[in-house]
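First comes the structure, then the notes that go with it.
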Amino acid sequence: MNPGAREPRPPRLGEKFLEWTLPVDVSGESIKGDLDQEYRQLRDASLGRSFRGWYLWEAMKLGVRIGVLRFLRVRSPFVRGSGKRPRMGAGERILQEFGHGTRFVVRSPGLALFAVAAMGLGIGATATMFSTSHGLLRDLPYVEPDRLVYVGWERIGEPNDDVELTVSELAEWRESQSTLEALAAARVQTMDLAGTEGPPERISGAQVTADAFEAVRVQPTWGRSFLPEEEVVGGPDVVLLSHGLWTRRYGADPQLLGRTIRVNGTERTVVGIMPEGFRFPEVEDVWIPLQVDAAGEEPGEGVRRFRAFGRLREGVALEEARAEFETLARRFEQANPEAYQGYASRLIRYYEYFVGLDAIIIMNTLLLIASFVLLIACASVANLFLARAAGRSRDLAVRSAMGASRGRIIGQLLSETMVISVMGGVLGAGIAYVGGALVQRSLAAQLPFYWMDTRADGTVLVFVGLLVLLAGVLAGIFPALKVSGIGVSEVLKDGDRASSFLRLGRLSRMLVVAEVTLSFGLLATAGMMGKGPLLWNQSNPGFDSSRMFSGEVSLRPEQYPGAEDWTRFYQELLPRLETVPGVRAATLSSSLPGLQASTWRFHERGVVYDRTVDLPLTRVSTVAPHFFRTLDVEAVEGRLFDDGDNADGDPVVIINRSFADRFFPDESPLGLQILPRGQMFPRDLDDQGTWVTVVGVVPDLRMNGPRQERPEGIYLPLPQRPQSYMNILLQSSADPEDLIPLVRASVAGLDPDLPLNLPRTLQVSLAEEMRAEVVLVSLLAVSGSIALLLASVGLFGVLAFAVRRRTREIGIRMALGAEVRSVLWQTLQSGLTQVTMGLVGGALLALTLSSLVRDLFFAEKMMDWGVYGVVSALMLGTGIAASLIPAARATRVNPVEALRQD
Amino acid sequence: MAASPLGEFEQLVLLAILQRGDKAFGLEVRSEIEECTGRQVSRGAFYTTLDRLEKKGYLEWEEATPMDRDRTAPLRRFKVTPVGLAALRASRRALQALWRGLDEILEES
C-alpha cells in the first residue's frame, strides 16, 4: 500500500450516488459511515486490493434499495394495521403502485431486464418508424398549406398520373380562372453556375412565375421577388438565390445583391436572397423568371413541363375550384376534341401532389409492421409475467384471502408492467432518437423535399408516451385478469397444480407462433430484398473498379446545339484527359460500367415483327474508342473499337457474351447486323434506320447493374452516335480521388463554365446506386431481428412456465426411471413445434410481403430457397437456444423434491 | 391489539440488537445476524427494516462516539423500546405455543 495514501477515499461516484439516495440526516450519514468503515476495514485487512469496485457495487445496491423505497414511500397494501388504515389519495396510491412495480424490478432484475429490453425494442422500432413516417409526411412548410392546390391534367382512369400544362394552357387558365388568388407555375431545370467564386457546378433550379412566391407566402429576406414585367420573353436576366447556396457558394457576401452571376451561360443580376431553409418547389436553390411565349403554339401541343399551382381564395372550397377548372378544361376539349379526349382537369391539394397517396400508404404499412413488433413485445412481456404469475398464484390467493380486493391485485400486477413499460419507453425513445437520426443521415441525399426530417422531435416523444401507456396496459391487463380471477379456496387446496387451471397454455403458445411467423416474414423479405444489393456489392463486375475515376459532363443546348458540337467537344476532351498526370487511360461512356445501362429495342436482320412490343430488348452503352482498353477488357471474339470507327467508317457494334448466346446461339455473330431503335418504346416497326455490323464480342460487364434480368447488351462507338451527356472514366495509377482537381482543370480548359458533376471513384458511384435499397433492407432486417429476439423471449417464457407447471410430473417420470435425454427432448420438442408452425406461417407471410414489395427485388423469383433456408435455420437455432435453458432446468428436477413440493 | 405481528427478519434484527447490548451499532448488529443465522444480510434490506421498526416504535437510537478513529460519520447505537420488547414477547408466546409437544419430532439428531 502506498504510505502516502493512508486515508483512501471511496470512489467518488459511489459516494455521490449515496448522497443522492440516502436521507439527509444523521441516519443517512451513519448508513454511509457504516459502509465507509467496512470499506476501510476490508482494505486494511487485505493489502494491495483496492475494493473500489466492491464499494461502488454495494453503494449502488444500497442506494437503489433505500432511495427507491424512500422516494416512493412504499407501504405494503397487504400487511397493515388492522382496521386503522389511513385513507390514501389517488396520487399517493398511484405512487404506491409504482413503488410495487419498482420493487419488483429490484427483486427480479433478470426478468425485468428481459422485459425492459423487449418493451424498449418494440417501442423503439415503432417510434423510429413513426418518426420516419411523420418526418416524411409532414406538412408543407408554407403559410396555410391546406389552401395550396396543384392544377394539371389527368388521363381519365389513371388517377395517379400527373400531366403538367403546356405554355398555352397555362396562359389561358391564368387569364380565365377566378377561384384561386392567382395561378402560378414553376418549371424545374438544371442550372449550371459558373464564375470566379468557385468551380462551375450544376444544381437544381426552377423557372417560376412572378406570383409563385406570393402563392406560398414567402418573400426574400434581402432584395425583392420577381416583377410581372420580368416575366416576358426577352425580359431582364435576373435571378434569386436560396440562403443555403448564397452562403455556401458566395460566402454570404452581402454585396452580391445587384451584381451578376453566370447561370447557364447567361449573366444574371441577383435581385434577392430567399429566407434561410427555403427551397422551392422541391430542393431547388436558384430561381429565374419564367419567360415563355404562348403565341405560335397550337393548343394541346408543346412540352408539358409547367407545374401550375395556386392558393384558394378566402372562402372558396376545393370543390368549387375543381368545378371551375373542369369547365375551363371542357372549353379546351370543345375547341380541340382530338387532343383533349380522355383528359380531365386535375385539382388536388398541393400536399397530396407532393407526397402522393402511394407514399402515404407505404409509410403507414411500414408503421403497421412496426406496430406488430410492439404487439409482439407486449405479448412476450405478458408471457413472461404469466409464467411468473403462475408461480405466484398461491401467494396472490393468500393475499386476496387476507382482504386485498381484486382491483388491488390487478393494480399491483399492472403497476409492474407499467414500470417495465416506462423503462422500456426511455430505452425506446433513445432508440427512436438514434434510429431517426440514422434514417435521416442515410436518406438525406435522397429525400425529395427539403423539409423532410426524420429525426425524432416533440411529436415523436408524445407518441412514445402514448405507446408506453398502451404497452403497459396491453402487457399487464391480460395476466392480471387471469391471475386475479383465481378462486381463493381452490388454489389454497390445490397447491402447485393450481396453475393448471389458468389455462393460458394454448394462448401463450399461439403468441409464440405469431411471433415466429412475423419475424420469419420480415427477415425473409429483408433477405430477398437484401440479397441482390449484398451479392452485388461483392460480385465481380468483370473489371477492376478499384483504380477507376468517374465523373459526368453534360453539354447545354444553349452552348452546344448540335451533334457536331458534341463530337468536337469530346474529341478535344479525350486527349486532354489522357495527359493528366496519374492517368493511365481515359475514355467516355454513356453509362457507367457496372450500373444499369439504358434499354433499347432492336431489329434482327431477317426477322419480321408484328408489333413494336415484339422487338427484342437490349442494354446499350455508347462508348469512346478506348473504353475496353481502359477497363483492361479483351475481346472474346472479333475486335474492339479503334480509331477507324468514326463518323466516316462503317457503322459497327460490339455485343457482349450474353447477347451473343441469346440471339446468335448457333453461329458466330461476327458480320451479322442489327438495327438499334434508340429507345425502349418506338412508335413503329420502321426498319429504315442505320443497320450496324457486329465486329466483336466482349465479356459481360454487368450492364444489367444489380438486376438479374436482361444481361444482354451492346456497345456503340461514340463518333457514330454522338451524345451530349457522357461519363468520364479514367484508370488512375494512384488514388482516383487525387484526380478530381486535375480533371476539373482539364474540363475548364475547354469550357470554363462547364461543371464536372459527381467526380468520385467508380467504387463510390457503384455503392451509391444501392443506397436506398440498403436503407430499406436494413429497416426490415432490424425489425425482423427484433421480432426474432422477442419471439425467443416469448418462447423462453412459455417453456419456462410449462416446465415449472410440470415439475411434479417430470419428477415422477424421472423417479420412475425416465432418462434425462428423453425429458430434455420432450421440452425441446414442444418448443420446436411452435417454431415450426411459425415457420410455415412465416413462409406464407413472406410470400405475401414479397409480392407487395416485388418491384424492389433484384431477382425475378418470388421465393428463394437459399434465403428461406438461411432464415429458417436462424429461427430454429434461436428456438433451440430459447428452449434449452428451461429444458435443462427440467432435467435437473430432483424427483424427491418435486414430489414433496406442495 | 396495539401492534402488528413481527416478521421473521424483524425479529432477527430486534434480537440481534438485544444481544449486542450497548455495542448495538449498525455494523455490529448486522454481523450478529449473519453469524447466528449463517446467511448474508443485504444492506438495503437491513437498513430499511431498521427504519421501519423505528417508525413502528419498536426501536430507537442515539448517537454514539465512534471507536474507529478514522470514522468521521455519525454512529448510531440502537435500542429496543418497551413496545418492541412487548412485540418480541408476543412473538415468542405464539411460537412457543406452536412448538408445544413437537420436541420429539423436531429434535435435532
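Here is the naming used below: chain letters follow the sequence lines, and residue numbers restart at 1 for every chain. Fair warning: this is a prediction, and the values are worked out from it, not measured in the lab.
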Task: Residues B/Arg43, A/Glu38: salt bridge by 4.0 Å N-O rule - done: yes

Open item on the list: Under a 4.5 Å cutoff for heavy-atom pairs, which residue among A/Glu29, A/Glu58, A/Gln37, A/Gln41 has the most contacts with chain B?
Closed with: A/Gln37

TODO: Check A/Gly33 against B/Ala73 and note the closest heavy-atom contact, atom names and distance.
DONE: CA-CB, 3.5 Å

Open item on the list: Taking atom CD as the centre, does B/Gln96 end up with more than 12 heavy-atom neighbours from other residues, nucleotides or ligands that are less than 6.0 angstrom away?
Closed with: yes

TODO: Enter the distance from B/Thr48:OG1 to A/Leu62:CG here, rounded to the nearest 0.5 Å.
DONE: 9.0 Å

TODO: Let me know if B/Arg52 has heavy atoms under 4.5 Å from chain A in its side chain, its backbone, both or neither.
DONE: neither

Task: Beyond-backbone contact of B/Arg76 with A/Ile31, side-chain heavy atoms, under 4.5 angstrom - done: yes

TODO: Quickly, which of B/Phe46, B/Tyr47, B/Phe25 forms a side-chain contact (heavy atoms from CB on, under 4.5 Å) with A/Asp34? Name it, please.
DONE: B/Tyr47

Open item on the list: As an exercise, state the distance from CG of A/Asp36 to CG of B/Asp70, rounded to the nearest 0.5 Å.
Closed with: 11.0 Å

Task: Contacting region of B/Glu63 [heavy-atom separation from chain A under 4.5 Å] - done: side chain

Open item on the list: Shorter than 4.5 Å, heavy atoms on both sides: which option in B/Ser42, B/Gly7, B/Gly44 has the most such pairs with chain A?
Closed with: B/Gly44

Open item on the list: Quick check on A/Lys61: does its NZ atom have over 12 non-hydrogen neighbours (other residues, nucleotides or ligands) under 6.0 Å away?
Closed with: yes

Open item on the list: Between B/Trp61 and A/Ser30, is there a side-chain heavy-atom distance shorter than 4.5 Å?
Closed with: no

